[in-house]
Amino acid sequence: MIGYVTVGTSDLERAARFYDPLAAELDVGRMMEFDSFIAWGDADGAPGIAATMPFDGKPASVGNGTMVALEAKDRAQVQRLYDIALANGGSDEGAPGPRGEPDDNGLVFYAAYFRDPDGNKLNAFLMDKVA
């Protein structure tokens, strides 16, 4: 149902330096690019993410309660995405680890939380067997 998610930025070049390495870790690249907008993903694949300068010309702002979740393939990739985010101007919102209790199938929500340089909240996650 979701085609892509867009976050606002006040500095597109800075956003590109943050999102390019995250996209590379997820094996995707830029799929669309304009002067005020970059989208990362695979046009024939899963939903992507985009960063844009607001159309109305006002400063970008963060949605309170809004978060973009990036699905990882394993715990090691959750850690890599978290490390990449922090190394590229992001800030910590919760180190990698299990959240909550395992479900009836023995799966636990495993995630790391971080913000991009504009303050947009993201996480890297997977549902994984309890270690």
Side-chain angles (χ1 to χ4, degrees):
M1 175 180 11
I2 295 174
Y4 62 93
V5 175
T6 302
V7 296
T9 183
S10 57
D11 185 333
L12 193 60
E13 288 182 27
R14 182 183 66 195
R17 288 190 303 271
F18 180 82
Y19 286 101
D20 280 339
L22 288 174
E25 173 60 33
L26 294 166
D27 294 324
V28 296
R30 295 181 185 189
M31 65 177 171
M32 192 179 303
E33 186 171 358
F34 300 101
D35 290 342
S36 63
F37 176 91
I38 301 172
W40 294 265
D42 178 353
D44 296 323
I49 187 168
T52 188
M53 305 287 289
F55 181 76
D56 64 8
K58 295 180 183 176
S61 60
V62 177
N64 188 21
T66 301
M67 183 179 69
V68 176
L70 306 172
E71 188 171 9
K73 61 185 174 186
D74 55 33
R75 290 180 183 212
Q77 189 172 46
V78 169
Q79 183 69 53
R80 287 192 304 273
L81 289 164
Y82 175 79
D83 293 342
I84 288 167
L86 298 186
N88 288 282
S91 59
D92 173 51
E93 283 285 316
R99 305 298 199 271
E101 298 298 320
D103 66 14
D104 292 341
N105 297 314
L107 297 175
V108 67
F109 184 76
Y110 188 89
Y113 296 86
F114 45 90
R115 291 188 184 267
D116 73 7
D118 286 290
N120 295 297
K121 190 171 183 178
L122 298 97
N123 84 357
F125 80 98
L126 75 147
M127 293 301 293
D128 197 18
K129 291 283 186 189
V130 176

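In plain terms, the two heavy atoms of Gly100 and Val108 that are nearest each other are O-CG2, 3.9 Å. Nearest heavy atom pair, residue Phe114 against residue Leu22, reads CE1-CD1, 4.3 Å. For Ala60 against Ser10, the heavy-atom pair with the smallest separation is CB-N, 3.9 Å. Pairing each heavy atom of Leu126 with each of Lys73, the nearest pair is CD1-O, 4.1 Å. Scanning both residues, Arg99 and Ala111, for their nearest heavy atoms gives NH1-O, 2.9 Å. Across all non-hydrogen atoms, the minimal contact from Val62 to Asp118 is CG2-O, 3.4 Å.
Put simply, the side chain of Val68 does not reach to within 4.5 Å of the side chain of Lys121, judged on heavy atoms.
When atom types are taken as modelled, the side chain of Asp103 and the backbone of Asn105 share a donor-acceptor pair closer than 3.5 angstrom. Looking only at distances, no side-chain donor or acceptor of Ser36 sits under 3.5 Å from a matching main-chain atom of Pro54. For the pair Gln77 (side chain) and Glu25 (backbone), a donor-acceptor distance under 3.5 Å is present. Between the side chain of Asp56 and the backbone N or O of Lys58 there is at least one donor-acceptor pair closer than 3.5 Å.
Rounded to the nearest 0.5 Å, atoms CG (Leu107) and CD (Glu101) are 13.5 Å apart. Between atom CG of residue Asp116 and atom CZ of residue Arg17 there is a gap of 12.5 Å, rounded to the nearest 0.5 Å. Separating the OG1 atom in Thr66 from the CG atom in Leu122 is a distance of 11.0 Å, to the nearest 0.5 Å. Between the CZ atom in Phe109 and the CE atom in Met127 there is a gap of 7.5 Å [rounded to 0.5 Å]. To the nearest 0.5 Å, atoms CG (Leu26) and CG (Asp42) are separated by 12.0 Å. A distance of 8.5 Å separates CG of Asp128 from OH of Tyr110, quoted to the nearest 0.5 Å.
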- request: Please report the C-alpha distance between Thr52 and Phe34 in whole Å, then the side-chain angles of each, then the deciding distance to 0.1 Å, and finally whether the side-chain contact (heavy atoms from CB on, under 4.5 Å) criterion is met.
  value: CA-CA 9 Å; Thr52 188; Phe34 300 101; over 6 Å; no
Asn88 vs Tyr19, side chain to side chain donor-acceptor pair (under 3.5 Å): CA-CA, chis, key distance, verdict: CA-CA 9 Å; Asn88 288 282; Tyr19 286 101; over 6 Å; no
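There is a path of hydrophobic side-chain contacts, each under 4.5 Å, that joins Met67 to Phe125. No single ILVMFWY cluster, assembled from side-chain heavy atoms under 4.5 Å apart, contains both Val5 and Met31. In terms of hydrophobic clustering, with Ile, Leu, Val, Met, Phe, Trp and Tyr side chains grouped at heavy-atom distances under 4.5 Å, Val7 and Ile2 are assigned to a common cluster. Under the 4.5 Å side-chain heavy-atom criterion for Ile, Leu, Val, Met, Phe, Trp and Tyr, Leu86 and Ile84 are members of the same hydrophobic cluster. A chain of hydrophobic side-chain contacts below 4.5 Å, direct or via other Ile, Leu, Val, Met, Phe, Trp or Tyr residues, connects Trp40 to Leu81.
The existence of a salt bridge linking Asp20 and Arg30 is confirmed by a sub-4.0 Å separation between a basic side-chain nitrogen and an acidic carboxylate oxygen.
A perpendicular orientation is assigned to the rings of Tyr4 and Phe37, their planes being inclined by more than 60° (bins at 30° and 60°).
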